[in-house]
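Each chain gets a letter, A, B and so on, in the order its sequence line appears, and its residues count up from 1. None of these values were measured; they are calculated from a predicted model.
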Amino acid sequence: MEPNALTLTNLRLSTTCSTKFPRDQNQTNTPKSYAQIPKRSPGPVSKGLQKDSKKDLSRILRTDAAIKGIARKANSRKYTQLWPKAVLEALDEAIRENQWQTALKIFGLLRQQHWYDARCQTYTRLLVMLGKCRQPEQASLLFEILLSEGLRPTVDVYTALLSAYGQSGFLDKALSTLDDMKSVSECKPDVYTYSILINCCTKFCRFDLIGQILAEMSFLGIECSTVTYNTIIDGYGKAEMFELMENTLTDMIESETCLPDVFTLNTLVGAYGNSGQIEKMEKWYDEFRLMGLKPDIKTFNILIKSYGKAGMYEKMRSVTDYMEKRFFSPTTVTFNTVIDVFGKAGNIERMDAYFKKMKHQGIKPNSITYCSLVRAYSKVGLITKVDSILRQVENSDVILDTPFFNCIISAYGQAGDVEKMRELFLEMKERECKPDNITFATMIQAYHAQGMTEAAEKLANKMIATKKSTGTRLIGH
DNA sequence: GTCGGTAATC
């Protein structure tokens, strides 16, 4: 260990912490970063296309109107030489940003081009994205399309499909995909497939399946990798099954083929830190440091969050100081974490100071930053500060998402400003943010609090209607 | 094609 290393056990101050952390809840169907389309008009696509920077071009291609424009122009021979690069880059960007609806529309367009060459790799990337966005039905449709094109799915395709099912909790579907794989000679499941499957099982608390899966792997002669162990350790850690977590770590070390890495470190530190067991967190941090593992930015962010949650602000400070000394630049996540800690503690002054520092250091706040700020101001009744945040956000190019709207709608709801709440609900639509169960629950509760029973019921009905209209098919055969 | 860090409801 280098002499300057941060040794947590030496920093130990007061440890009064026994907060229970909520488990990961099953996520809603809302994609993490839902299609965020800039408000300004996309402008003409045809002229000066090549002059546009790549970035601008893909922004243009992102809008529905522009996609229709491309669809029309695609028939014109004049443009056919131009499209491959433009369309493929737009697809790349949509996938990268997890904008699944846009990505599927562009893919639909791509398939209509005369130069289109069906590839499994494209399907894999789309399936992985759909998995991340919790869109198992779309993944299933996409797989059908792949088959209809006469492509032979690869292991990657099957694994991505299995992952899309599993991440949404369709474990039966994931397992039947696994069976399909076993019956195709070139698509036998491998350590990737099984690691993903284990991850899905732990996310849905099916710890009972882990033993069977490991037995099957062993039967098929597939050895666990570091990732497999890390996945299991993380699963137990998030479920606060600490004994099984440590047993798995022991198995990992005893395997002698899979050594702990920085993922293992962060997983253990995070598991104990999150559950308020600060001493164990520090013990494991030091232990891994002695094994020669180096912390990374994520380690520091985990430590900051854990200390903050435990109210150990001096230790939190010692981590940020250490980072500064060692030239670990704080990221957006670091600032967001600190801002959230002070916000939750009701320390508006220190929160504001950090927000200022963040902007001063040239780190752009994002939707998460504003969420923490709004929640904190709302909690202490500073609704004028919420107004100011809203103005800031509206005048910036920050991409807003459903959680942000949920947060600010709740703030105005609690302040009794029903009119503002409605305005924001409409703005969600403009910004292409889908209201989810939380949005509706928040608004219904606010209406009830104001004695507006009728409005609450009306909205509840609207919610049911909205739910029914999901499941649209974005790409056809 | 696999693992770890940040926000929203009550």
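As a whole-Å value, the separation of N199(A) CG from dG1(B) C1' is 13 Å. The interatomic distance linking I198(A) (CD1) with dC3(B) (P) rounds to 12 Å, in whole Å. L424(A) places its CG atom 13 Å from the C1' atom of dA8(B), with the value rounded to the nearest Å. Rounded to an integer number of Å, the gap from CZ of F342(A) to P of dT6(B) is 17 Å. The distance from atom CG of L265(A) to atom C1' of dC3(B) is 14 Å, rounded to the nearest whole Å. If you take CG of N230(A) and P of dT2(B), they are 15 Å apart, rounded to a whole angstrom. In this entry the distance linking OH of Y194(A) with P of dC3(B) reads 18 Å, nearest Å. Computed from coordinates, the Y165(A) OH to dG1(B) P distance equals 19 Å when rounded to whole Å.
Checking dA8(B), dT2(B), dG5(B) against the side-chain heavy atoms of I302(A) singles out dG5(B) as nearest. Side-chain atoms of I196(A) lie closest to dG1(B) of the nucleotides dA7(B), dG1(B), dA8(B). The nucleotide whose nearest atom lies closest to any side-chain atom of Q445(A) is, among dG5(B), dA8(B), dC10(B), dC10(B). Listed nucleotides: dG1(B), dC3(B), dA8(B). Nearest to the side chain of V227(A): dC3(B). Of the candidates dA8(B), dT6(B), dG1(B), the closest approach to any side-chain atom of I438(A) belongs to dA8(B). Ranking dG1(B), dA8(B), dC3(B) by closeness to the F263(A) side chain, first place goes to dC3(B). When the nucleotides dT6(B), dA7(B), dT2(B) are ranked by their closest atom to the side chain of S225(A), dT2(B) comes out on top. Taking the side chain of K298(A) as heavy atoms from C-beta on, and the options dA7(B), dG5(B), dC3(B), the nearest nucleotide is dG5(B).
Ion pairing between a basic and an acidic side chain is recognised when a charged N comes within 4.0 Å of a carboxylate O; K325(A) and D321(A) show no such pairing. The pair E282(A)-K315(A) meets the salt-bridge criterion, with a side-chain N (NZ, NE, NH1 or NH2) lying under 4.0 Å from an Asp/Glu carboxylate O. No salt bridge links K298(A) with D296(A); every basic N to acidic carboxylate O contact stays at or beyond 4.0 Å. Salt bridge K182(A)/E216(A): present, at least one basic N to carboxylate O contact under 4.0 Å.
Looking at D296(A), its side chain has no donor and acceptor atom pair within 3.5 Å of the base of dG5(B). Below the 3.5 angstrom threshold, one finds a donor paired with an acceptor across the side chain of T331(A) and the base of dG5(B). With hydrogens and angles left out, the side chain of T442(A) and the base of dT9(B) share no donor-acceptor pair within 3.5 Å.
Within the nucleic acid shown, T193(A) comes within 4.0 Å of at least one base atom, counting heavy atoms only. Within the 4.0 angstrom heavy-atom criterion, no nucleotide atom of any strand lies near T264(A). At a threshold of 4.0 angstrom between heavy atoms, the contacts of V262(A) include nucleobase atoms, whether or not backbone atoms are also involved. V155(A) comes within contact range of at least one nucleobase, with a heavy-atom separation under 4.0 Å. Across all strands shown, S367(A) has heavy atoms under 4.0 Å from base atoms, whether or not it also approaches the sugar-phosphate. Counting non-hydrogen atoms under 4.0 angstrom, R375(A) reaches the backbone sugars and phosphates but no base. Residue-level contact check: D261(A) touches neither bases nor backbone, having no heavy atom under 4.0 Å from any strand. C407(A) comes within 4.0 angstrom of the backbone, heavy atoms only, and of no base.
Taking side-chain N and O atoms only, K305(A) has a distance below 4.0 Å to OP1 or OP2 of dT6(B). Proximity of K344(A) to the phosphate of dA8(B): a side-chain N or O atom is located under 4.0 Å from OP1 or OP2. Applying the 4.0 Å criterion to OP1 and OP2 of dG5(B), one finds that K238(A) has a side-chain N or O inside that range.
Ring planes of F300(A) and Y322(A): tilted class, angle from 30 to 60°.
Residue pairs meeting the ring-ring contact (aromatic ring centres under 6.0 Å, His included) criterion with at least one partner in residues 145-175 of chain A, sequence neighbours excluded, are F143(A)-Y158(A).
Judged as a salt bridge (Lys or Arg N to Asp or Glu O under 4.0 Å), and not counting sequence neighbours, the contacts of E419(A) are R422(A).
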